[in-house]
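Keep in mind it's a predicted model, so treat the numbers as computed, not measured.
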Amino acid sequence: MQLTALTILTIQEIIPLPVLIIVVAKESFMVIGSILIYKKVNFVVQADWYGKFSTVVFFLAIVLTIFIRSGRLVNSYTDVMVNIAVIIAVVSTLFAFFMYTIEFKKLTTKSKQLK
């Protein structure tokens, strides 16, 4: 849902392309990392609080963007609100990616030590 909404908002030039690229890259790395962990350690990665938090923040930013841009609420203040919401969503996504990367490194290091 996130990627679909971001793609549509990017096509409509409401959200800048780098936001979509960051989210697509993060999700792609998450899928690849999960597959690697499963194959190496036979461990299924589960969502953690920061991943869930990131999803909620992005969902709220998307809803806020659609609500403001679809109504008669567009002005300089609401543009700033949308930009701040999107920036917070991107930062939370990058934070989640960073935290999952740390977990990936811990799991792969632990599996190497066990062998």
Side-chain angles (χ1 to χ4, degrees):
M1 194 267 338
Q2 236 179 1
L3 291 178
T4 303
L6 286 176
T7 302
I8 291 169
L9 293 172
T10 302
I11 290 170
Q12 293 179 348
E13 297 180 353
I14 294 173
I15 290 182
L17 181 61
V19 172
L20 178 64
I21 292 171
I22 289 170
V23 174
V24 167
K26 179 242 181 198
E27 293 299 325
S28 299
F29 284 123
M30 294 293 294
V31 168
I32 292 167
S34 296
I35 292 169
L36 290 174
I37 288 175
Y38 182 74
K39 287 190 176 198
K40 282 185 176 183
V41 190
N42 199 23
F43 180 78
V44 177
V45 179
Q46 297 177 349
D48 238 325
W49 69 267
Y50 33 83
K52 293 176 183 181
F53 175 77
S54 172
T55 301
V56 168
V57 170
F58 237 112
F59 178 76
L60 292 174
I62 290 169
V63 168
L64 178 69
T65 301
I66 292 170
F67 177 73
I68 287 174
R69 298 293 172 114
S70 66
R72 295 174 187 84
L73 301 173
V74 178
N75 59 46
S76 60
Y77 297 113
T78 56
D79 279 346
V80 170
M81 263 181 25
V82 167
N83 289 338
I84 290 171
V86 170
I87 289 168
I88 291 170
V90 169
V91 168
S92 70
T93 295
L94 292 174
F95 173 73
F97 177 68
F98 177 72
M99 295 302 290
Y100 283 121
T101 302
I102 291 172
E103 282 189 34
F104 174 80
K105 287 182 180 181
K106 284 180 185 176
L107 283 170
T108 54
T109 302
K110 187 177 179 180
S111 77
K112 287 178 185 177
Q113 291 173 349
L114 293 174
K115 289 184 179 182

Enumerate, atom names and distances included, each donor-acceptor pair closer than 3.5 Å involving a side-chain atom of residues 3-18, sequence neighbours excluded.
unit_1 : atom_1 : unit_2 : atom_2 : d
Thr7   : OG1    : Leu3   : O      : 2.6
Thr10  : OG1    : Leu6   : O      : 2.7

**Message:** With heavy-atom distances below 4.5 Å as the criterion, would you say the side chains of Phe58 and Val86 are in contact?
**Reply:** no
**Message:** When you group the ILVMFWY residues by side-chain heavy-atom contacts below 4.5 Å and let the links chain together, are Phe97 and Val31 in the same group?
**Reply:** no
**Message:** Applying salt bridge (charged side-chain N to carboxylate O under 4.0 Å, His left out) as the test, list every pair that has at least one member in residues 74-83; sequence neighbours left out.
**Reply:** Arg69-Asp79
**Prompt:** With clusters built from Ile, Leu, Val, Met, Phe, Trp and Tyr whose side-chain heavy atoms come within less than 4.5 Å, directly or transitively, what are the remaining members of the cluster of Tyr77, listed by chain and number?
**Reply:** none
**Prompt:** Which residues pass the salt bridge (charged side-chain N to carboxylate O under 4.0 Å, His left out) test with Asp48, sequence neighbours left out?
**Reply:** none
**Message:** According to a hydrophobic-cluster definition based on side-chain heavy atoms being under 4.5 Å apart (Ile, Leu, Val, Met, Phe, Trp, Tyr only), do Ile87 and Val90 belong together?
**Reply:** no
**Single-linkage hydrophobic cluster, 4.5 Å side-chain cutoff, Ile35 and Ile37 together** = no
**Item:** Closest contact, heavy atoms only, Ala85 versus Ala61
**Value:** O-CB, 3.6 Å
**Complete:** Quick note, side chain to side chain donor-acceptor pair (under 3.5 Å) partners involving residues 81-99, not counting sequence neighbours, are Ser54-Thr93
**Prompt:** Does Phe104 have any ring-ring contact (aromatic ring centres under 6.0 Å, His included) partners at least two apart in sequence or in another chain, and if so, which?
**Reply:** none
**Prompt:** Are Trp49 and Val91 connected in a single hydrophobic cluster, I mean Ile/Leu/Val/Met/Phe/Trp/Tyr linked by side-chain heavy atoms less than 4.5 Å apart?
**Reply:** no
**Item:** From Thr65 atom OG1 to Met81 atom CE, the distance as rounded to the nearest 0.5 Å
**Value:** 9.0 Å
